[in-house]
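First up is the structure itself, then whatever we jot down about it.
Residue numbering restarts at 1 for every chain, and letters A, B, ... go by the order of the sequence lines.
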Amino acid sequence: MSSPSSGAGGPFWDPWEPLRQHVASELARRLASAGAPETVEALLRQLEVASVGVADFGVPVHRAAQAAGVPAERLAERLADGFPLTGGLARVTADGPYVNFHADAPTLVRTTLELVFARAGAYGHAPARTESVCVEHTSANTTGPFHVGRVRNGIIGDTYARTLRAAGFPVVTQYYVDDMGRQSAMITWIWSRPLDRWPAEVREGSALPGAERPASEKPDAWYGRPYRFVSERVKNDPGTAASVGELVRELESGRAPPAHRRLATEILDGMLASLARLSIRFDEFVWESSFVADGSVDRVIDRLRRAPHAQVEENGALTVDAGGYGLPQEKARIVVTRGDGTSLYVTRDIAYHLAKFARFARAVDVLGQDHRLHARTLSALLAELGEERRPEFVIYQDITVPEGGRMSTRQGKAVYLDDLLDEATERARAEVLQRREDLPAEEVDGIAAQVAAGAVRFHILRIAPDKPVKFQWEEALAFDGRSGPFLQYSYARASSILRKAGRERPPYPFRPGALATPEEAALVRAIAGLPGTVAYVARTGHVHTLATYAFSLAEAFNRAYQAVPVLRAEGDLRDARLALVAAARQALGNSLDLIGIARLERM
RNA sequence: GGGCGUGUAGCCUAGCCUGGAUAGGGCACCGGGUUCCUAACCCGGGGGCCGGGGGUUCGAAUCCCCCCACGCCCGCCA
């Protein structure tokens, strides 16, 4: 975590920063004089992780005690004794082999709330940086509607992009549209022929009510209908395989029929409409064919031909021996062109990534676990070309279905995003109507859609990308407990208090000492955790940590809500509590923005 | 067969990178809480050999090795 803060008093955006800096540097000094030198950086890391309930943060001194040759308990006492209580530090205690640090409560309250109010919507964000980042995510084939498995990519990618922006990076999100492969060719192949000449089983399987798309059906759903049946036929019927193959060659040579781009665009529009329901949008769309058309793929092939480990096979295919780049032995020889000299997916992807690096300092690729080897291949080829930069990969595991295996349209084992959101919206509407008879129907609809999106987005985001997600309807549709709607509800509660107090806008004057209950103290600490969480997620790509954090913040808010009356309080107690509610609402709202879940003023 | 990843209560999950204080939560279950700011909430309770075994260490859910289970990849497909 880099910081322009030079310690207490300097500019900072993390309320803990002055205290942590003070503790770390003083502790480093004391450890050095005790004969167990530690760097400030190492101590800051330890302070971050060693925190437990008994203090704000602490550090075990076993190792240092060994280095110094004294018992840990003695060293802890020596380190704690006379520790200067400045920079917001109230107390330092030696608890067995641990040194614990307790923040001065009023100071932490003041520091935190003032920072929140000063930065408002930017609370939690870091100052701007110059390194630009390209985040490529989703990039699903334009063959039909999104199923939930594919959407995990978008949820992770979009959340990471939002977090990197908050961490100060200029971010551009890109969707790489594959318009060159067999998948998209199959769509064009089937839709380029009149309906009465479709193969019987494709026509029957697709169950089209007519030749024209009804207004009620989205283009991705409509044009995607025959996909799995064409795919099946290509596997079983050599004639179909041959004509689709013919079309693929046309696409690769740049002679795509006009219908091809039109179909892809229309289907993509439908797919993007679904993603928009989850607040996922893209800055740019990059068409794979563009790298063939502008000659950059040819230039990549030329460069690879002259690369140190390149070799031309008997039939003319160009390969690169990437054994030296850590690829598994079986896959060490990467095929870069076919025997006829045409490019392959990985070759075009190289051209794409060189284009990324020409514009951006960093490139982040969000990929499913089935692309791990591709990721390593890509890196190996970039190395072979002498490019020093590498994409940073965020890899996530599949969403599986209860009967086993990953979601798959082709196997008919898929839950579609639109269906899930429709069902979730219906349930959310029922929930809203049950408790809010006063709201106009239009607002109920809006709330229901946002609650549904919040539930789905949180449900998928909450799990570490490394782990598989077992899709279960009832869990995906849960609105209570650790869920998106719980966060939205907390935000709505905070909004409601401020609304009823007539204090929806700053200023929020407060006397820090007035916020003295344990629930209020815990809430302040939760609020103070946002900047550190943003920095952590930006550094690691562990986007699910945002979900964990936001939940713990909402939880702290609800506990305080339960324990501490605000509107019924009086005088400076009421003012201070209103300020705390306003700060909690701000921190929670900013967290929701990062997660991509709508803030709801009421629900 | 090889490579990569995952395994934490009935179910779901955080913590693992960077070893440290009684392994945090949620769902479900049991018991409480609303003349009061939205009960989509809060409080209490039971439920864990952290997949198994070995190792390193003062100390292992966390690091290393072996094994087991599950997933994915190992195309001149994308």
Q) Which is true for A/Pro565 with a 4.0 Å heavy-atom rule: it touches a base, it touches only sugar-phosphate, or it touches nothing? A) base
Q) Which part of the nucleic acid does A/Tyr489 contact within heavy-atom distance under 4.0 Å: base, sugar-phosphate only, or nothing? A) base
Q. Quick one: is B/C74 close enough that its OP1 or OP2 comes under 4.0 Å of any side-chain N or O from A/Arg376?
A. no
(Q) Using a 4.0 Å heavy-atom cut-off, does A/Glu288 contact any base of the nucleic acid, only the sugar-phosphate backbone, or nothing at all? (A) sugar-phosphate
Q: For A/Val581, report the nucleic acid contact type (base, sugar-phosphate, nothing); a contact means any heavy atom under 4.0 Å.
A: nothing
Q.
Using the P atom as the point on both nucleotides, what is the distance between B/U62 and B/G52, in whole Å?
A. 11 Å
**Q.** A/Thr159 and A/Arg457 side chains, donor-acceptor separation under 3.5 Å
**A.** yes
Q | A/His459 and A/Glu475: side chain donor to acceptor below 3.5 Å | A | no
Q: Taking only the side-chain heavy atoms of A/Asn558 (C-beta and beyond), determine which of B/C11, B/G5, B/C42 contains the nearest atom.
A: B/C42
Q. Given B/G71, is OP1 or OP2 found less than 4.0 Å from the side-chain N or O atoms of A/Lys470?
A. no
Q | Short side-chain donor-acceptor distance under 3.5 Å, A/Tyr352 and A/Arg348 | A | no
Q.
My understanding is that a pair needs two contacts under 3.5 Å, Watson-Crick or G-U wobble. By that rule, which nucleotide pairs with B/U6?
A. B/A69
Q: Report which part of the nucleic acid A/Val346 touches: base, sugar-phosphate, or nothing (heavy-atom distance under 4.0 Å, all strands).
A: nothing
**Q.** C1' gap between B/C17 and B/U22, integer Å
**A.** 25 Å
What does the list of N/O pairs under 3.5 Å between the protein and nucleotides 25-27 of chain B look like, with a distance for each?
unit_1	atom_1	unit_2	atom_2	d
B/G26	O2'	A/Arg482	N	3.2

Q | Check: A/Arg372 side chain, B/C72 base, donor-acceptor under 3.5 Å | A | no
Q) Does the base of B/G59 carry an N or O that pairs as donor and acceptor with the side chain of A/His62 under 3.5 Å? A) no
Q. Side chains of A/Arg390 and A/Ser379: is there a donor and an acceptor less than 3.5 Å apart?
A. no
Q. Which value, in whole Å, describes the distance between the P atoms of nucleotides B/C49 and B/C41?
A. 29 Å
Q: In whole angstrom, give me the gap between the P atoms of B/G71 and B/A28.
A: 29 Å
(Q) Which residue is it: A/Phe486, A/Phe557, A/Tyr489? I am looking for the one with a ring-ring contact (aromatic ring centres under 6.0 Å, His included) to A/Phe551. (A) A/Phe486
Q. Base, sugar-phosphate alone, or nothing: which one does A/Glu252 contact when heavy atoms must sit under 4.0 Å apart?
A. sugar-phosphate
Q: Evaluate salt bridge (charged side-chain N to carboxylate O under 4.0 Å, His left out) for A/Arg249 paired with A/Glu252, printing each intermediate quantity in order.
A: CA-CA 5 Å; A/Arg249 277 188 295 282; A/Glu252 285 178 352; over 6 Å; no
(Q) Under 4.0 Å, heavy atoms only, any strand: does A/His371 hit a base, just the sugar-phosphate, or nothing? (A) base
Q. How is A/Ala501 classified with respect to the nucleic acid when contacts are heavy atoms under 4.0 Å: base, sugar-phosphate, or nothing?
A. nothing
Q.
Within the 4.0 Å heavy-atom criterion, would you say A/Asp340 contacts the bases, only the backbone, or no part of the nucleic acid?
A. nothing
Q.
Taking only side-chain N and O atoms of A/Arg406, does any of them lie within less than 4.0 angstrom of OP1 or OP2 on B/C73?
A. yes
(Q) Does A/Val564 reach a base, just sugar-phosphate, or nothing at all? Heavy atoms under 4.0 Å. (A) base
Q. What about the rings of A/His353 and A/Phe291, do their centers lie closer together than 6.0 Å?
A. no
Q | Separation between the C1' atoms of B/G75 and B/C27, rounded to whole Å | A | 43 Å
Q: Determine the Euclidean distance between corresponding P atoms of B/G47 and B/G25; express it in Å to zero decimal places.
A: 15 Å
Q) Does the ring of A/Tyr98 meet both stacking tests against the six-membered base ring of B/A21: centre distance under 5.5 Å and plane angle under 30°? A) yes
Q. Can a donor-acceptor pair under 3.5 Å be found between the side-chain atoms of A/Gln369 and the base atoms of B/G71?
A. yes
Q) How far apart are the C-alpha atoms of A/Arg338 and A/Asp340, what are their side-chain angles, what is the distance that settles it, and do they pass the salt bridge (charged side-chain N to carboxylate O under 4.0 Å, His left out) test? A) CA-CA 5 Å; A/Arg338 298 194 182 90; A/Asp340 63 8; 5.1 Å; no
Q) What is the nucleic acid contact for A/Arg574, judged by heavy atoms within less than 4.0 Å: base, sugar-phosphate only, or nothing? A) nothing
Q: Give A/Lys467 one of three labels, base, sugar-phosphate or nothing, depending on what nucleic acid heavy atoms sit under 4.0 Å from its own.
A: base
Could you go through residues 443-451 of chain A and list every donor-acceptor pair under 3.5 Å that involves a side-chain atom there, pairing it with any protein atom two or more places apart or in another chain?
unit_1	atom_1	unit_2	atom_2	d
A/Glu443	OE2	A/Arg602	NE	3.1
A/Asp445	OD1	A/Arg429	NH1	2.2

Q: Determine: side-chain N/O of A/Thr337 to OP1/OP2 of B/C76, distance under 4.0 Å, yes or no.
A: no
Q: For A/Met603, answer base if it contacts any base atom (sugar-phosphate contacts may also be present), sugar-phosphate if it contacts only those atoms, and nothing otherwise; contact means non-hydrogen atoms under 4.0 Å.
A: base
